[in-house]
Amino acid sequence: MTIQARDEHWMQQAIELAQLGIGKASPNPSVGCVIVSTDNQLLGSYYHQEYGADHAEKGAIKAVIQAHGEQALKSSTCYVTLEPCSSQGQTGACTDWLVKHQIGTVVYGCVDPNKKHAGRADKILNQAGITVRSGILKEACEKLIHIFRKSQCQQLPWVASKLAISLDGKLDRPSGESPWISSPESRQRVQLLRAQFDAILTSTATLIADKPQLTLRDPSLLEQGYSQPKRLIFTTQSSESIDKENQPLFNDEHAEHTYIYQIGSSEFPNFVSALKHCHKELGIQSILIEAGAKLNAALIEDSLVDEWIGFYAPIIAGGPTSALDTLTHSSQLHQVTREIIGPDILLRGLFHCSTCS
């Protein structure tokens, strides 16, 4: 096996680990780490599981020590999806841990967009006699941190538009029929999607029409370490004018984490000002839109949506509401993926190739 093939094999393992941390580690990025012996045997692995907990490298080092003893780390190879951090945070610099335990080689996927760390690890590790290789499965590793990258580069949350759409481009069925377009399997997947975002965004029109809860109704998600997202309402109405009495968002156990943004007010004159407030004041790095065509189209029109998540159902719905028919321009999606979920097709893609200028 060539060095390149070996690096890609183990980096893929680290990527799969990192995917388990999506939605759990915020505001930190999702990172996976695998440590391998000089004879190419797995010694230990870890992923960043929650904010304030061990980073992936530190957790993997601890796993190796527990399973094989500290001596096993000497001259081993550490595969990590993101450049190791090099500044003192809540858990200490990962470069310090790698140097302390005499790791022989560090292989990472992509550079850290955090200016405190970006590009520093190579010099620190090289000076300690550690070999460094980078850019292994770079695109896949960068995809893991697209939310974190936008937060670091633009101080704005990542915004995803999620819609269930029929084959005739409708978001609903005629009056009197089932309210659902997508299948039960797709609706179950939405529960996981919610868990992977910091906040869910809706509109007053959706509140009136659906009285949504926007909660994690699958208890197993909470057991897996996910937490209930914050809930946001973008509206042109004042908070006082919204009828909150019969709305679950204002009366359940998560009501204190439900926030109203009056777009067009002096405080929030436009969507950008509201999104900046969400990011800076509430610590929100990712938002999933669960609203109708009007809000989705308005945010897409203003180039504020980063990701499209469309559940396409094999049904001719014939309902009154068309998807995004107010858009005045087309958008080409990038890095498109397709997945069969029950009878539906889940299509995801990015509106922009990069979130960093």
Side-chain angles (χ1 to χ4, degrees), residues 1-22 25 27-38 40-49 53-64 73-89 91-153 354-356:
M1 181 182 291
T2 65
I3 292 176
Q4 180 73 17
R6 185 178 66 201
D7 284 353
E8 291 182 358
H9 169 79
W10 291 114
M11 187 62 72
Q12 182 60 41
Q13 308 306 306
I15 289 169
E16 291 173 9
L17 274 174
Q19 289 169 341
L20 298 175
I22 294 174
N28 285 346
S30 300
V31 181
C33 180
V34 171
I35 297 179
V36 178
S37 67
T38 54
N40 203 34
Q41 300 300 308
L42 176 65
L43 294 173
S45 61
Y46 197 76
Y47 69 93
H48 188 33
Q49 300 184 5
D54 286 342
H55 285 191
E57 300 95 316
K58 185 176 179 180
I61 287 171
K62 286 183 175 180
V64 174
L73 289 163
K74 189 173 182 179
S75 301
S76 63
T77 299
C78 173
Y79 291 91
V80 60
T81 55
L82 181 66
E83 174 187 2
C85 67
S86 50
S87 64
Q88 188 70 29
T91 61
C94 290
T95 50
D96 290 348
W97 276 75
L98 296 166
V99 171
K100 175 184 176 183
H101 293 286
Q102 299 180 288
I103 302 295
T105 302
V106 171
V107 182
Y108 65 85
C110 61
V111 173
D112 193 332
N114 186 335
K115 293 180 180 179
K116 292 181 180 178
H117 306 146
R120 296 185 64 217
D122 290 38
K123 183 178 180 181
I124 293 170
L125 297 173
N126 285 158
Q127 287 178 341
I130 296 174
T131 299
V132 178
R133 294 193 293 274
S134 61
I136 308 302
L137 300 185
K138 179 182 176 182
E139 184 175 309
C141 290
E142 287 183 336
K143 189 173 182 180
L144 288 167
I145 62 161
H146 55 207
I147 290 171
F148 181 70
R149 180 184 292 107
K150 185 179 182 185
S151 174
Q152 291 292 316
C153 296
S354 174
T355 55
C356 285

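Heads up: numbering here begins at 1 and tracks the sequence.
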Margin query: How long is the straight-line distance from CG of Leu82 back to SG of Cys33, given to the nearest 0.5 Å?
Written below: 11.0 Å
Notebook entry, point to check: Of Leu125, Leu98, Val107, which meets side-chain contact (heavy atoms from CB on, under 4.5 Å) against Val132?
Noted result: Leu125
Next item on the list: Drop me the distance from Glu8's CD to Ile3's CD1, to the nearest 0.5 angstrom.
Entry: 12.5 Å
Note to self: Please find the pair of heavy atoms, one from Pro27 and one from Phe148, that lie closest to each other, and give the distance.
What the structure shows: O-CD1, 3.5 Å
Notebook entry, point to check: Is the shortest heavy-atom distance from the side chain of Cys141 to the side chain of Ile15 under 4.5 Å?
Noted result: yes
Note to self: Would you say that Asn40 contacts Trp10 through its side chain, given a criterion of any heavy-atom pair below 4.5 Å between the two side chains?
What the structure shows: yes
Next item on the list: Compare all side-chain heavy atoms of His9 with those of Tyr79 and state whether any distance is below 4.5 angstrom.
Entry: no
Next item on the list: With rounding to the nearest 0.5 Å, note down the distance linking OG1 in Thr77 to CZ in Arg6.
Entry: 6.0 Å
Next item on the list: Taking the side chain as every heavy atom from C-beta outward, state whether His146 and Arg149 have any pair of such atoms under 4.5 Å apart.
Entry: yes
Check: Which value, rounded to the nearest 0.5 Å, describes the distance between Gln41 atom CD and Ser76 atom OG?
Finding: 13.0 Å
Checklist line | Positive for side-chain contact (heavy atoms from CB on, under 4.5 Å) with Ser75, one of Ile103, Thr38, Thr105 | finding: Thr38
Check: Nearest 0.5 Å, what's the CD1-OG1 distance between Ile124 and Thr95?
Finding: 4.5 Å
Checklist line | Nearest atoms (heavy-atom pairs only) where Tyr108 meets Pro84 | finding: CD2-CD, 4.0 Å
Item checked: Check: Ile35 and Tyr46 side chains under 4.5 Å, non-hydrogen atoms -> no
Notebook entry, point to check: What distance do Gln49 atom CD and Leu17 atom CG have between them, rounded to the nearest 0.5 Å?
Noted result: 9.5 Å
Item checked: Gln4 vs Ile136 side-chain heavy atoms within contact, under 4.5 Å -> yes
Notebook entry, point to check: Would you call Leu73 and Gln102 a side-chain contact if the rule is heavy atoms closer than 4.5 Å?
Noted result: no
Notebook entry, point to check: At their closest point, which heavy atom of Ser30 faces which heavy atom of Ile145, and how far apart are they?
Noted result: O-CG2, 4.1 Å
Check: Within the side chain of Asn114, is there an N or O that forms a donor-acceptor pair under 3.5 Å with the backbone of Ala118?
Finding: no
Check: Does a side-chain heavy-atom distance below 4.5 Å link His55 with Val31?
Finding: no
Next item on the list: Indicate whether any N or O donor in one side chain lies under 3.5 Å from an N or O acceptor in the other, for Glu16 and Gln12.
Entry: yes
Next item on the list: Indicate yes or no for a side-chain donor-acceptor contact from His48 to the backbone of Gly32 under 3.5 Å, with no hydrogens or angles considered.
Entry: no
Notebook entry, point to check: Any donor-acceptor pair under 3.5 Å linking the side chain of Glu83 with the backbone of Ala121?
Noted result: yes
Next item on the list: Could you pull out the closest heavy-atom pair between Glu57 and Cys85, with the gap in Å?
Entry: OE2-N, 4.3 Å
